[in-house]
Amino acid sequence: MKRTRTSKGWMREHVNDPYVLLAQKEGYRSRAAYKLMELDERDHLLVAGMAVVDLGAAPGGWTQVLAKRIGKTGTLIAFDILPMDAVHGATVIQGDFREDAALDQLSTALAGKPLDLVVSDMAPNISGIGVADQARSMHLAELALEFSIQHLKPGGNFLVKIFQGDGFDDFVRDARAVFLQVHVRKPKASRDRSTEVYLIGKGMRNSAQ
Ligand SMILES: C[S@@+](CC[C@H](N)C(=O)[O-])C[C@H]1O[C@@H](n2cnc3c(N)ncnc32)[C@H](O)[C@@H]1O
């Protein structure tokens with residue numbers, strides 16, 4: 001009974017959500033697209049011709065924004081554990097980012113090309129057990145940071161979703177050791193009741209690699 005009410009409430013909120021309506025109108029696959037647009041407006045992350053990896057890309061809202069902004073001269077790889085429909089201008093790879101095979105697939109696709117930007121909107125399926133969910137999401141963020149250290153150009157940028165809770169302060173501290181500037185942002189399109197925020201690392205230090 002309670003569950004039915006909750007899912008009805010979620011559905012009502014979803015169909016009335018201005019970002020859901022806007023995404024439908026403007027042809028974006030997810031309301032998440034507006035989070036990336038807003039972060040980019042403030043922090044100027046996206047530039048034509050960039051090489052970018054988009055982690056946790058499905059269903060592809062961020063990939064659509066990235067493809068548009070980096071244009072034909074850019075390189076874009078979209079990665080997710082779930083299958084995802086093609087986005088013009090992006091190479092889509094399916095795999096589990098926690099596994100070495102995924103990193104091998106990404107390295108092969110990059111063929112040694114250094115990246116200007118790594119973005120990660122990865123989030124695990126929520127089990128409802130807060131401590132376990134937090135640990136799993138921090139683990140994905142840490143893996144994304146490690147991947148960035150290995151593949152970004154010196155001076156490259158990083159954007160990652162993280163959840164406030166255990167491990168958050170340590171992660172911000174680790175990111176400060178890697179990037180010259182670190183900002184934590186909560187875009188308007190991110191729901192207030194969610195503890196999600198986005199960390200932006202700008203300018204990877206030469207000493208990080
Ligand atoms: C919030 S959604 C991303 C939305 C996307 N940025 C967009 O704009 O459409 C989070 C994604 O992280 C992916 N994900 C979760 N765990 C993953 C893993 N271990 N490896 C790869 N992707 C993962 C999920 O499958 C999901 O598609």
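First listed ligand is number 1; within each ligand, the first listed atom is number 1. None of these values were measured; they are calculated from a predicted model.
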Report yes if some heavy atom in the side chain of [X] is under 4.5 Å from a heavy atom in the side chain of [Y]; otherwise report no.
| X | Y | value |
| --- | --- | --- |
| Ser194 | Lys186 | yes |
| Leu180 | Lys202 | no |
| Arg42 | His183 | no |

Over 12 non-hydrogen atoms of neighbours within 6.0 angstrom of CG in Asp104: yes
Donor-acceptor pair between Tyr198 and Glu38 side chains, under 3.5 angstrom: no
Starting from the N and O atoms of ligand 1, collect every protein N/O partner closer than 3.5 Å and put each pair on its own line with the distance to 0.1 Å.
| residue | atom | partner | partner atom | Å |
| --- | --- | --- | --- | --- |
| ligand 1 | 6 (N) | Asp121 | OD2 | 2.8 |
| ligand 1 | 8 (O) | Ser30 | OG | 3.0 |
| ligand 1 | 8 (O) | Gly61 | N | 3.3 |
| ligand 1 | 8 (O) | Trp62 | N | 2.9 |
| ligand 1 | 9 (O) | Ser30 | OG | 3.0 |
| ligand 1 | 9 (O) | Pro59 | N | 3.4 |
| ligand 1 | 9 (O) | Gly60 | N | 3.1 |
| ligand 1 | 9 (O) | Gly61 | N | 3.0 |
| ligand 1 | 12 (O) | Ala123 | N | 3.4 |
| ligand 1 | 19 (N) | Asp96 | OD1 | 2.9 |
| ligand 1 | 20 (N) | Phe97 | N | 3.0 |
| ligand 1 | 22 (N) | Ile81 | N | 3.2 |
| ligand 1 | 25 (O) | Asp80 | OD1 | 2.6 |
| ligand 1 | 27 (O) | Ala58 | O | 3.1 |
| ligand 1 | 27 (O) | Asp80 | OD1 | 3.4 |
| ligand 1 | 27 (O) | Asp80 | OD2 | 2.8 |

Gly27 backbone acceptor or donor facing Gln64 side chain under 3.5 Å: yes
